[in-house]
Amino acid sequence: MPLRWRARPSRGAIATLHDVTPTENSNASSGILIANVSHEIRTPLATIRGYAETLLEGGLEDKQNRRKFVEIIRLTACG
């Protein structure tokens, strides 16, 4: 149903605006947090994986370093 102004139809638009800045800021902060947590988890896992692979690829026979490698894995895993 058209709106009438002075006995003739008028045309126009109504707009509703919402400030999404807080939502966008929150989303950006969440992304940064997830990236940081992911990095903090991957770093020790890479260390553990490297020493475990070394042990499996012949490091178990290296009597001088095998205990050191296992201790590094344990310390890295326990934080």
Side-chain angles (χ1 to χ4, degrees):
M1 175 180 227
L3 298 173
R4 301 220 177 243
W5 181 268
R6 298 183 192 175
R8 61 184 164 150
S10 65
R11 296 179 187 221
I14 296 175
T16 303
L17 304 175
H18 296 278
D19 184 4
V20 295
T21 303
T23 303
E24 291 296 320
N25 289 342
S26 177
N27 290 343
S29 295
S30 295
I32 292 169
L33 175 67
I34 290 169
N36 286 340
V37 169
S38 177
H39 174 74
E40 291 299 320
I41 291 171
R42 279 194 314 256
T43 302
L45 288 177
T47 301
I48 292 168
R49 183 177 179 183
Y51 280 103
E53 287 176 358
T54 301
L55 288 170
L56 291 172
E57 293 173 3
L60 288 172
E61 286 77 34
D62 182 355
K63 291 181 182 183
Q64 187 176 6
N65 289 311
R66 67 182 174 198
R67 180 171 181 85
K68 176 181 162 188
F69 290 171
V70 172
E71 287 173 357
I72 291 171
I73 291 171
R74 188 185 81 213
L75 288 172
T76 303
C78 295

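The figures that follow rest on heavy atoms only: side chains count, while hydrogens, waters and symmetry mates do not. The chain is numbered in sequence order, starting from 1.
With values rounded to the nearest 0.5 angstrom, Thr16 atom OG1 is found 7.5 Å from Ile14 atom CD1. Atoms CG and OG, from Leu33 and Ser29 in turn, are 8.5 Å apart once rounded to the nearest 0.5 Å. Annotation: the span from Arg66 atom CZ to Glu71 atom CD amounts to 12.5 Å, rounded to 0.5 Å.
Under the 4.5 angstrom side-chain criterion for Ile, Leu, Val, Met, Phe, Trp and Tyr, Ile32 has no cluster partners at all. Residue Leu55 is found in a hydrophobic cluster whose other members, listed by chain and number, are Ile48, Tyr51, Leu60, Phe69, Val70, Ile72, Ile73; membership requires side-chain heavy atoms under 4.5 Å apart, directly or through intermediates.
Using a 4.5 Å cut-off on side-chain heavy atoms (C-beta onward), Asn65 and Lys68 make contact.
Of the possible donor and acceptor atoms, one in the side chain of Thr43 sits under 3.5 Å from a partner among the backbone N and O of His39.
Across all non-hydrogen atoms, the minimal contact from Ser38 to Arg42 is OG-NH1, 2.6 Å.
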